[in-house]
Peer 1: 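Here you go, one structure.
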Amino acid sequence: MPPLVWLVTGCSSGFGEAFVHSIIARGDKVIATGRNAADRLGHLQATGAAILPLDVTAPKQDIEATVQKAILIHGTIDVLVNNAGYCELGFLEDIPPDKWMAQLNTNFFGCVNITQALLPHFRSKKSGTIVFMSSIWTWTSGPGIGPYGVSKHALASPSSSHSLIAVSLLWPAYDIADATQGYAGTLQAEVSQFNIHPILFDIGHFRSSITSPTSVSFTPPSASTADDYNSLFTSLTAAAAQLHGNQPGDPRKCTELILDVVRGEGLAKGLERPARIPVGKDAVQVVKDACQSMLETVGDWERVVSGTDF
Ligand SMILES: NC(=O)c1ccc[n+]([C@@H]2O[C@H](COP(=O)([O-])OP(=O)(O)OC[C@H]3O[C@@H](n4cnc5c(N)ncnc54)[C@H](OP(=O)(O)O)[C@@H]3O)[C@@H](O)[C@H]2O)c1
């Protein structure tokens, strides 16, 4: 395969930084982007990566201008990695609207905005791959995970049945066996005809800055909820602190695997490229458990809930 040109968001640390090293090591080219690029991305200069400032929440025209600049660097872009993100936590009764909006603006609309800015380029050359860094929190849930989980659910949720039914009724020619859901699923349904392929990774727990106390935003219980939520808040913040630095996943192994999948080589050689796939032993287990649980529910209830047609 000839060298690919990658555009990666959020490269100052974690997966973004690991992507830069994996891409260069594979002989591909990378445009590493991030906020406060002068301060936060300087350490990547020596890798040979091109560096551009890009806040994924910037106004549409600024994002479009940066994407145009990025295309000019190597004359093309082949792969977009929608990676930038952070973790907004808290109890639903307390989280203020501005924190919800900030989380969705970065983790969801950030992906929407960058993807929208790159699609004309991919469509004009009839090829492109769009990687989404999603999470096992789309397959499971827990107290406190609300805004982060919702931001990843918007990219793709696991409940496929009604979208599949809608697709099969409205567009029988569409290959529903390949369907993923949410934003990434709709994107796949719309742009695979142009040889543009979104791939969503449901990633388990990997060691990065995302769980560091300086990165996580956890809204504490308010005066009116504290009596009922404080003990849960204390145990969740302790669990988050304990998790940080002890996650089982190695970000570099994850980015190497994603390169294998995108390039169809290494561990992914000979396998059909998926539209959606979990990464990490923990993620595989969560996905299996969620599917098993839904199959059991449907099995128990099928007779009761299937008699509603005219
Ligand atoms: N680590 C995991 O276990 C895990 C699991 C599932 C999914 N993910 C996803 O993987 C992605 C990367 O996270 P990570 O684990 O590598 O965490 P990380 O080390 O904290 O990296 C997050 C990156 O996103 C950047 N970022 C945040 N807001 C941004 C914005 N508005 N514009 C541009 N860049 C922005 C950060 O830049 P600054 O330095 O400027 O803050 C940083 O470079 C995220 O989408 C996350 O949800 C991670």
Side-chain angles (χ1 to χ4, degrees), residues 7-22 31-44 49 51-59 62-63 66-67 70 80-89 99 101-115 117 131-140 145 147-156 183-184 200-217 240 243-255 257-258 276-284 286-287:
L7 174 71
V8 184
T9 65
C11 290
S12 68
S13 61
F15 287 124
E17 183 176 359
F19 266 116
V20 172
H21 292 294
S22 294
I31 298 138
T33 70
R35 299 186 288 193
N36 311 312
D39 292 341
R40 307 278 290 139
L41 301 183
H43 63 297
L44 295 175
I51 295 186
L52 279 183
L54 176 61
D55 183 327
V56 298
T57 65
D62 294 359
I63 288 177
T66 304
V67 165
L80 163 65
V81 182
N82 279 307
N83 171 71
Y86 75 99
C87 218
E88 186 70 61
L89 304 176
K99 292 200 168 188
M101 291 311 293
Q103 178 75 111
L104 291 169
N105 276 337
T106 301
N107 290 17
F108 177 62
F109 289 110
C111 299
V112 170
N113 295 338
I114 311 292
T115 301
V131 170
F132 293 96
M133 300 294 280
S134 189
S135 161
I136 46 171
W137 290 108
T138 61
W139 289 89
T140 185
I145 201 70
Y148 182 74
V150 166
S151 72
K152 298 295 184 183
H153 267 280
L155 294 172
Y183 177 83
L200 183 130
F201 294 91
D202 291 306
I203 297 167
H205 292 102
F206 280 70
R207 221 166 285 176
S208 76
S209 305
I210 200 162
T211 44
S212 87
T214 50
S215 295
V216 175
S217 165
L243 179 67
H244 182 58
N246 292 308
Q247 297 96 325
D250 174 347
R252 183 67 190 266
K253 288 191 177 164
C254 177
T255 57
L257 178 74
I258 292 176
R276 177 175 202 183
I277 192 79
V279 183
K281 217 185 282 178
D282 53 349
V284 168
V286 165
V287 170

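Both ligands and their constituent atoms are indexed starting at 1 by order of listing.
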Peer 1: Around atom 12 (C) of ligand 1, find the nearest protein heavy atom and jot down its residue, atom name and distance.
Peer 2: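 The closest one turns out to be N83 OD1, 3.1 Å.
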
Peer 1: Quick check: does S135 get an N/O under 3.5 Å from an N/O on ligand 1?
Peer 2: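 Min N/O separation from ligand 1 is not below 3.5 Å for S135.
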
Peer 1: Say you draw a straight line from OH of Y148 to OG1 of T138; how long is it, rounded to the nearest 0.5 Å?
Peer 2: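 Between atom OH of Y148 and atom OG1 of T138 there are 9.5 Å.
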
Peer 1: Kindly indicate whether the side chain of F19, heavy atoms from C-beta on, has any atom under 4.5 Å from the side chain of I258.
Peer 2: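 Sidechains of I258 and F19: in contact.
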
Peer 1: Tell me, do L80 and V131 make a side-chain contact under 4.5 Å, heavy atoms counted?
Peer 2: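 The answer is no; the side chains never approach within 4.5 Å.
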
Peer 1: Is the closest heavy atom of E17 to ligand 1 under 4.0 Å?
Peer 2: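 Distance cut 4.0 Å: E17 fails for ligand 1.
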
Peer 1: Which protein non-hydrogen atom lies closest to atom 20 (O) of ligand 1, naming both residue and atom, and how far is it?
Peer 2: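 Ranked first by proximity to atom 20 (O) of ligand 1 is I210 N, 3.3 Å.
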
Peer 1: If you define the side chain from C-beta out and look only at heavy atoms, does anything of V56 sit under 4.5 Å from T106?
Peer 2: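 They are in contact (side-chain heavy atoms under 4.5 Å apart), so the answer is yes.
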
Peer 1: Hey, could you give me the SG/NZ distance between C111 and K152, rounded to the nearest 0.5 Å?
Peer 2: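 If I round to the nearest 0.5 Å, the distance is 6.0 Å.
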
Peer 1: Looking at ligand 1, does N105 have a heavy atom less than 4.0 Å from it?
Peer 2: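 Under 4.0 Å: no for N105.
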
Peer 1: What about F206: any of its N or O atoms under 3.5 Å from an N or O on ligand 1?
Peer 2: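 In this structure, F206 places an N or O atom under 3.5 Å from an N or O of ligand 1.
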
Peer 1: To check your reading of the model: name the closest protein heavy atom to atom 32 (N) of ligand 1, its residue, and the distance in Å.
Peer 2: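 Here the nearest protein heavy atom works out to V56 N, 3.0 Å.
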
Peer 1: Counting only heavy atoms, which portion of I136 has something under 4.0 Å from ligand 1: side chain, backbone, both, or neither?
Peer 2: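 It is neither part, as no heavy atom is under 4.0 Å.
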
Peer 1: Is the contact between Q247 and ligand 1 made by the side chain, the backbone, both, or neither, using heavy atoms and a 4.0 Å cut-off?
Peer 2: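 No part of Q247 is near ligand 1 at this cut-off.
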
Peer 1: Does at least one non-hydrogen atom of H205 fall below 4.0 angstrom from an atom of ligand 1?
Peer 2: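 The answer is yes, since H205 has a heavy atom less than 4.0 Å from ligand 1.
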
Peer 1: Less than 4.5 Å apart, any side-chain heavy atom of F15 and any of V8?
Peer 2: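 Not in contact.
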
Peer 1: Compute the minimum heavy-atom distance from T106 to ligand 1 and say whether it is under 4.0 Å.
Peer 2: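 Per 4.0 Å heavy-atom rule, T106 contacts ligand 1.
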
Peer 1: Please confirm whether Y148 approaches ligand 1 to less than 4.0 Å, judged on its heavy atoms.
Peer 2: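 It does, in that a heavy atom of Y148 comes within the 4.0 Å cut-off of ligand 1.
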
Peer 1: Counting heavy atoms only, which of M133, R40, R35 is nearest atom 9 (C) of ligand 1?
Peer 2: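 Selected option, by shortest heavy-atom distance: M133.
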
Peer 1: If you round to the nearest 0.5 Å, how far is CG of N107 from NE2 of H153?
Peer 2: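 Answer for the NE2-CG pair, H153 versus N107, is 13.0 Å.
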
Peer 1: Could you work out, for atom 22 (C) of ligand 1, the closest of G85, C87, G10 by heavy-atom distance?
Peer 2: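 That would be G85.
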
Peer 1: Considering heavy atoms of the protein only, find what lies nearest to atom 31 (N) of ligand 1 and give residue, atom and distance to 0.1 Å.
Peer 2: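 Going by distance alone, atom 31 (N) of ligand 1 is nearest to D55 OD1, 2.9 Å.
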
Peer 1: Which option out of G204, S215, S212 puts a heavy atom nearest to atom 5 (C) of ligand 1?
Peer 2: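 Minimum heavy-atom distance to atom 5 (C) of ligand 1 goes to G204.
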
Peer 1: Is there a heavy atom of N36 sitting under 4.0 angstrom from any atom of ligand 1?
Peer 2: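 It does not; every heavy atom stays at 4.0 Å or beyond.
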
Peer 1: With a 4.5 Å heavy-atom cut-off, do L41 and V20 have their side chains touching?
Peer 2: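 Side chain of L41 against side chain of V20, heavy atoms only: no contact under 4.5 Å found.
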
Peer 1: In ligand 1, which numbered atoms sit nearer than 4.0 Å to a non-hydrogen atom of G14?
Peer 2: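 Near G14, the atoms of ligand 1 are 16 (O), 19 (O).
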
Peer 1: Check ligand 1 against S12 and write out every atom of the ligand that is under 4.0 Å from a heavy-atom position of the residue.
Peer 2: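 It comes down to these atoms of ligand 1: 36 (C), 37 (O), 38 (P), 39 (O), 42 (C), 43 (O).
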
Peer 1: Please write down residue, atom name and distance for the protein heavy atom closest to atom 16 (O) of ligand 1.
Peer 2: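 Scanning the protein heavy atoms, the shortest distance from atom 16 (O) of ligand 1 goes to F15 N, 2.8 Å.
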
Peer 1: Out of A18, A37, S13, indicate the one that has the non-hydrogen atom closest to atom 18 (P) of ligand 1.
Peer 2: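 Going through A18, A37, S13 one by one, S13 has the nearest heavy atom to atom 18 (P) of ligand 1.
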
Peer 1: Could you check whether the rings of H205 and W137 sit parallel, tilted or perpendicular, using 30° and 60° as the cut-offs?
Peer 2: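 The rings of H205 and W137 stand perpendicular, inter-plane angle above 60°.
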
Peer 1: Considering only heavy atoms, which of A84, S209, A32 lies nearest to atom 26 (N) of ligand 1?
Peer 2: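 Among A84, S209, A32, the closest heavy atom to atom 26 (N) of ligand 1 belongs to A84.
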
Peer 1: Would S22 and R252 count as having a side-chain donor-acceptor pair, cut-off 3.5 Å?
Peer 2: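 A donor-acceptor contact under 3.5 Å links the two side chains.
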
Peer 1: Examine ligand 1 and decide if any of its atoms is less than 4.0 Å from a heavy atom belonging to S134.
Peer 2: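 True for this residue.
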
Peer 1: Which atoms from ligand 1 have a heavy atom of L54 less than 4.0 Å away?
Peer 2: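 Every atom of ligand 1 under 4.0 Å from some heavy atom of L54: 32 (N), 33 (C).
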
Peer 1: Can you tell me if G249 has a non-hydrogen atom under 4.0 Å from ligand 1?
Peer 2: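 No, G249 has no heavy atoms under 4.0 Å from ligand 1.
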
Peer 1: Provide, to 0.1 Å, the distance between atom 15 (O) of ligand 1 and the closest protein heavy atom, together with that atom's residue and name.
Peer 2: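 Going atom by atom, the protein heavy atom closest to atom 15 (O) of ligand 1 ends up being S208 OG, 2.6 Å.
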
Peer 1: Do S212 and S209 meet the criterion of a side-chain donor-acceptor pair at a distance under 3.5 Å?
Peer 2: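 No - no donor-acceptor pair under 3.5 Å links their side chains.
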
